[in-house]
Novice: 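My questions all concern the structure below.
Worth knowing before you read on, the calculation uses all heavy atoms, side chains too, and leaves out hydrogens, waters and symmetry mates. Order of the sequence lines sets the chain letters (A, B, ...), proteins ahead of strands, with each chain counted from 1. Every value quoted in this text rests on a predicted model; they were computed, and no experiment measured them.
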Amino acid sequence: MNSLRDIKQRIGNIDSTKQIIRAMDMIASTKLQKVRVQLEGVRPIYGNLKRIAEELGCHKDAHSHIFYNNSSIESNDTLYIVITSDRGLSGSYNANILSKSYAHMNQEGVNEKILVVGSKGYEFFKKRNKHILRTVTDLTDAQVYYVAESIANWLTDYYLSGKVKEVYIAYTHFETVLSYVPYVEKLLPLSCSGLKEYFDRKYEPDVKTFIDHLVPIYLHMNLFRAFSESHTSEQAARMVNMSSAGKNAEEIIEDLTRMFNRKRQAVITQELSEIVGSVSILNKGELDG
Amino acid sequence: MTRLSRDTSVPWVILMAEAAAKADRKIDLRITTPRGLKFEEKADMIIMRCIDGDMGVLRDHAPISAVLGDGILRIINDGVEQKLALFGGIVEISDNTVDIYSTIAQRPEEIDLERARRDKEEAEAIIMEETEELKIRSMQVVLRRSLVRIEVSLYLDEENEISIGNTNDDEE
């Protein structure tokens with residue numbers, strides 16, 4: 001079965017696969033750099049808006065606001081926003097976030113609705129017969145900001161219309177190129193961070209208007225950040241996986257080359273021994289003659 | 001809506017800013033956008049457009065958080081005035097620091113004047129024709145933003161300054 005020609009063909013195949021892997025590795029690493037810059041940019045504004053929103057939650061006028069207090073919502077549904085990727089080849093990236101969010105769902109008496117980003121997540125939840133409200137796929141990097149904005153607006157309207165009691169977001173937090181952790185965080189209602197007991201800060205024009213303007217921006221930035229975190233993690237995962245796949249391919253090629261050489265040597269040795277054998281037989285014949 | 005008309009801007013604003021400059025009492029201004037910390041500077045006085053009118057900030061301002069509207073952010077430092085276009089966002093004032101969190105903040109040199117003019121014309125045309133309330137509203141936002149951009153952009157070469165006062169009436 002393992003003829004010389006077969007082995008040579010396999011080496012050729014793996015070599016071209018290796019080239020594809022290399023290209024994907026390079027694409028992932030350039031994309032990683034780009035999304036990382038985007039991520040570093042959005043983190044400060046997100047962090048500050050989160051702080052402002054949570055500090056405001058402790059204000060006495062904010063307690064009754066629907067964004068902080070969901071007791072007026074009769075629905076018992078929970079909305080999950082799950083961010084996955086459209087393509088595989090990124091190791092355990094999708095599996096991690098999906099199993100994390102899936103484990104977070106399935107609580108007693110809670111009816112989940114899902115907004116899923118990425119076709120991987122869509123397939124996953126469709127198979128498990130979950131109620132998928134909306135699917136966003138084929139996001140290009142340039143669209144992320146505007147898509148985050150439109151989802152934030154949609155989310156605000158949806159929440160205000162009283163169709164869901166709680167909103168969670170599942171994303172992959174990017175720490176370093178080698179470490180990314182899946183998180184499920186509560187988006188709405190907002191909570192009080194409880195650090196500021198007293199309030200000397202004034203809100204203009206008034207607390208309610210301030211919240212009405214703050215929350216959409218906060219949600220937009222939060223979603224944009226979650227997208228960026230997930231995107232960065234995805235590219236990092238793909239890059240790491242592709243470079244290990246590249247190493248694997250090299251190892252296989254090395255093994256196959258060794259096998260090929262051994263086989264070739266065996267063929268040569270066989271041919272030589274045949275020649276030597278036949279020559280010695282011929283010589284014998286001469287001597288005899 | 002209380003709004004400062006443009007003509008009053010010269011005397012008292014400069015006077016107050018000069019007084020602040022003499023006392024060397026600066027405030028720190030930081031503008032954070034989704035692309036990171038965009039602008040960090042010291043200033044004598046800052047005037048920004050909130051949703052309910054202009055707000056000026058000098059040193060020792062009370063801690064206030066406010067909602068920003070679409071408008072021009074004027075930064076006066078040592079008698080020099082800078083203008084930035086700022087669209088929406090949140091401002092947080094505390095301990096002589098003004099933190100602005102906004103999705104769009106543009107310097108004059110970053111503004112595409114041609115595009116702003118085009119937007120202005122298109123928006124004006126649509127408002128004239130359109131009858132649908134929602135569409136008019138959104139076009140008014142576009143118009144307002146393009147006017148702010150044009151004004152900020154033209155501030156680079158001061159002599160070309162145009163008045164934004166008249167066209168402001170389209171709002172609301």
Novice: Under a 4.5 Å heavy-atom cut-off, does chain B meet the side chain of A:Phe224, its backbone, both or neither?
Specialist: side chain
Novice: Quick check for you: among A:Leu49, A:Asp212, A:Thr209, which has the greatest number of heavy-atom pairs under 4.5 Å with chain B?
Specialist: A:Leu49
Novice: Contact part of A:Ser228 toward chain B, heavy-atom cut-off under 4.5 Å: side chain, backbone, both or neither?
Specialist: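 Neither the backbone nor the side chain of A:Ser228 comes within 4.5 Å of chain B.
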Novice: Counting heavy-atom pairs under 4.5 Å with chain A, which one of B:Pro34, B:Gly89, B:Gly88, B:Ala62 comes out on top?
Specialist: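 Option with the greatest count: B:Pro34.
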Novice: Look at B:Arg30 together with B:Glu41 and state whether they make a salt bridge at an N to O cut-off of under 4.0 Å.
Specialist: no
Novice: If only atom types and distance count, is the side chain of A:Ser90 paired as donor or acceptor with the main-chain N or O of A:Arg238 below 3.5 Å?
Specialist: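 Absent.
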Novice: I'd like to know if B:Glu151 pairs up with B:Lys83 as an ion pair, taking the criterion as any Lys NZ or Arg NE/NH1/NH2 lying under 4.0 Å from an Asp or Glu carboxylate oxygen.
Specialist: yes
Novice: If you count heavy-atom pairs within less than 4.5 Å of chain B, which of A:Met221, A:His220, A:Arg51 leads?
Specialist: A:Arg51
Novice: Under a 4.0 Å threshold between the charged nitrogen and the carboxylate oxygen, would B:Lys42 count as salt-bridged to B:Asp28?
Specialist: yes
Novice: Heavy-atom pairs under 4.5 Å with chain B - which of A:Val37, A:Leu39, A:Ile52 has more of them than the others?
Specialist: A:Ile52
Novice: Relative to chain A, which segment of B:Leu68 carries a heavy atom at a distance below 4.5 Å: side chain, backbone, both, or neither?
Specialist: neither
Novice: Considering only heavy atoms, which portion of A:Leu214 lies under 4.5 Å from any heavy atom of chain B: side chain, backbone, both, or neither?
Specialist: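 Its backbone and side chain both get close to chain B.
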Novice: With rounding to the nearest 0.5 Å, note down the distance linking OG in B:Ser153 to CD in B:Glu110.
Specialist: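 Answer rounded to 0.5 Å: 11.0 Å.
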Novice: If we define contacts as heavy-atom pairs under 4.5 Å, which of B:Asp99, B:Ile93, B:Val91, B:Leu37 has the most with chain A?
Specialist: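 When all of B:Asp99, B:Ile93, B:Val91, B:Leu37 are compared, B:Ile93 has the most.
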Novice: What class does the angle between the rings of A:Tyr203 and A:Phe210 fall in, given that below 30° is parallel, 30 to 60° is tilted and above 60° is perpendicular?
Specialist: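 The arrangement is tilted - the two ring planes meet at 30° to 60°.
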Novice: So, do A:His104 and A:Tyr80 have ring centers that fall under 6.0 Å from each other?
Specialist: yes
Novice: Flag the pair A:Asp77 and A:Lys113 as a salt bridge only when some basic side-chain nitrogen lies within less than 4.0 angstrom of an acidic carboxylate oxygen.
Specialist: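 Looking at A:Asp77 and A:Lys113, the cut-off is met.
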Novice: Heavy-atom distance under 4.5 Å to chain B: side chain of A:Tyr46, backbone, both or neither?
Specialist: neither
Novice: Side chain, backbone, both or neither: which part of B:Ser94 has a non-hydrogen atom closer than 4.5 Å to chain A?
Specialist: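 Its backbone and side chain both get close to chain A.
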